[in-house]
Amino acid sequence: MAKLFRAAIMGPPGSGKGTISKRIAQSFGLQYLSSGHFLREAIAANTEAGLTVKNYVQRGLLVPDHVMTRLMLPRLEQLTNMSFLLDGFPRTLSQARALNTVCDLDLVISLNIPFETLKDRLSDRWVHPASGRVYNMGFNPPRVTGRDDVTGEPLIQHDDDKPEALVARLRHYKDVAKPVIDLYKSHGILHSFSGTETDRIWPYINSLLNTKMHTHSPDACHSPMP
Ligand code: G5P
Ligand code: MG
């Protein structure tokens with residue numbers, strides 16, 4: 001049986017989690033699970049969970065832990081025989097503990113991106129409010145300026161992505177992420193990367209994964225919880 005490998009990527013809003021995750025999934029064949037993507041799916045499907053989370057996501061606030069774990073854990077329980085990469089989950093200590101009841105991680109990547117860089121990226125960010133689709137006017141602009149690629153509806157900029165609100169959001173991220181980072185550090189599986197450009201960080205992550213995926217032990221997953 002092929003070895004299983006479970007990883008997570010952490011980082012503040014706009015740090016490049018999604019961009020790097022896609023590269024990892026492509027290069028290493030890991031199943032990619034993004035908490036933000038599942039939330040946007042729920043919002044677009046207008047499910048009960050979707051209505052609950054919409055208010056939080058639209059304001060850039062963290063969705064409550066019990067809602068998040070109810071969304072993520074069933075999906076992870078189905079992946080007992082698959083290697084995967086988690087993007088954006090766990091984000092809090094409570095989520096990390098819930099994840100631990102289902103699965104042990106082999107590796108956690110933490111992205112440290114300077115505030116000025118995040119500010120530049122996020123203040124250039126426009127979203128389609130109904131679906132949560134995100135655009136960046138420099139890096140991945142919409143096909144028609146100011147319009148969503150799929151629906152053609154107008155894009156908006158969140159008040160939360162304006163510089164003064166960003167300071168508070170990023171500070172909040174740090175406060176919440178610190179105990180999670182400390183936890184994974186104490187497990188010896190945390191690897192932090194600093195920089196201002198995804199393309200310059202990527203070769204280090206690529207090389208780390210090349211090493212780790214050939215040396216870890218394959219017994220990381222527990223049976224699904226009853
Ligand atoms: P998400 O969807 O996880 P965020 O806010 O954490 O959203 P986001 O925007 O998805 O973060 P990212 O994935 O870290 O950012 O970064 P990215 O998308 O790859 O890059 C950001 C932008 O910069 C992109 O436009 C990209 O093209 C560009 N970029 C990347 N690299 C470079 C570079 O080198 N140079 C330049 N110039 N640009 C670059 O979560 C959304 C919401 O869902 C909820 C929260 O409300 C959250 O706000 N949520 C949760 N709530 C509670 N618990 C959880 N576990 C939750 N997960 C999600
Ligand atoms: Mg993302």
Side-chain angles (χ1 to χ4, degrees), residues 8-26 32-44 49-50 52-73 75-76 85-99 108-129 131-142 149 155 157-161 165-166 168-170 172-177 179-180 193-205:
I9 185 161
M10 299 180 61
S15 56
K17 300 184 293 296
T19 307
I20 289 172
S21 293
K22 279 170 202 139
R23 293 184 191 185
I24 294 176
Q26 259 175 11
Y32 169 52
L33 295 100
S34 150
S35 56
H37 174 78
F38 290 139
L39 288 169
R40 284 186 282 281
E41 241 179 31
I43 292 171
T52 312
V53 301
K54 193 172 181 174
N55 268 331
Y56 294 95
V57 174
Q58 283 192 342
R59 285 181 292 153
L61 299 174
L62 287 185
V63 173
D65 287 333
H66 69 280
V67 179
M68 245 10 258
T69 51
R70 211 182 305 140
L71 189 77
M72 296 301 291
L73 293 198
R75 289 173 158 92
L76 295 173
L85 171 69
L86 291 168
D87 165 5
F89 182 89
R91 258 195 174 82
T92 67
L93 193 55
S94 160
Q95 292 177 17
R97 289 186 176 137
L99 172 64
V108 175
I109 293 165
S110 169
L111 301 174
N112 294 322
I113 311 300
F115 174 73
E116 282 304 313
T117 307
L118 295 174
K119 196 180 80 178
D120 289 348
R121 284 185 198 169
L122 295 181
S123 55
D124 230 9
R125 174 156 87 164
W126 289 74
V127 298
H128 176 239
S131 68
R133 272 185 288 278
V134 177
Y135 300 88
N136 181 284
M137 291 309 158
F139 213 63
N140 62 329
D149 283 354
L155 302 176
Q157 191 173 36
H158 282 320
D159 285 346
D160 284 341
D161 283 344
L166 268 179
R169 273 176 73 199
L170 295 174
H172 179 64
Y173 168 82
K174 273 193 178 166
D175 292 345
V176 171
V180 186
F193 297 88
S194 304
T196 56
E197 286 172 51
T198 296
D199 286 347
R200 292 179 79 123
I201 293 174
W202 167 243
Y204 294 98
I205 295 180

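We're numbering straight along the sequence, starting at 1. Counting convention: from 1, in listed order, for ligands and their atoms alike. Atoms considered below: every heavy atom in the structure, side chains included; atoms not considered: hydrogens, waters and symmetry mates.
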Q) Atom CD1 in Ile109, atom CG in Asp87: separation rounded to 0.5 Å? A) 10.5 Å
Q. Can you tell me how far the OH atom of Tyr173 sits from the OG atom of Ser15, to the nearest 0.5 Å?
A. 6.5 Å
Q.
Going by salt bridge (charged side-chain N to carboxylate O under 4.0 Å, His left out), name the residues that satisfy it together with Arg133, two or more places apart in sequence or in a different chain.
A. Asp148
Q) Using a 4.0 angstrom limit on heavy atoms, which residues are close to ligand 1? A) Pro12, Pro13, Gly14, Ser15, Gly16, Lys17, Gly18, Thr19, Ser35, Gly36, Leu39, Arg40, Val57, Leu61, Leu62, Val63, Met68, Gly88, Phe89, Arg91, Gln95, Arg121, Arg125, Asn136, Phe139, Asn140, Glu197, Thr198
(Q) Assess the residue pair Arg23 and Asp199 against the criterion (salt bridge (charged side-chain N to carboxylate O under 4.0 Å, His left out)); give the C-alpha distance rounded to whole Å, side-chain angles, the decisive distance to 0.1 Å, and a yes or no. (A) CA-CA 11 Å; Arg23 293 184 191 185; Asp199 286 347; 2.7 Å; yes
Q: With the side chain counted from C-beta on, respond yes when Pro13 and Leu118 share a heavy-atom pair under 4.5 Å apart, and no when they do not.
A: no
(Q) Does the Lys NZ or Arg CZ of Arg125 fall within the cation-pi geometry relative to Tyr135 - under 6.0 Å from the ring centre and within 45° of the axis? (A) no
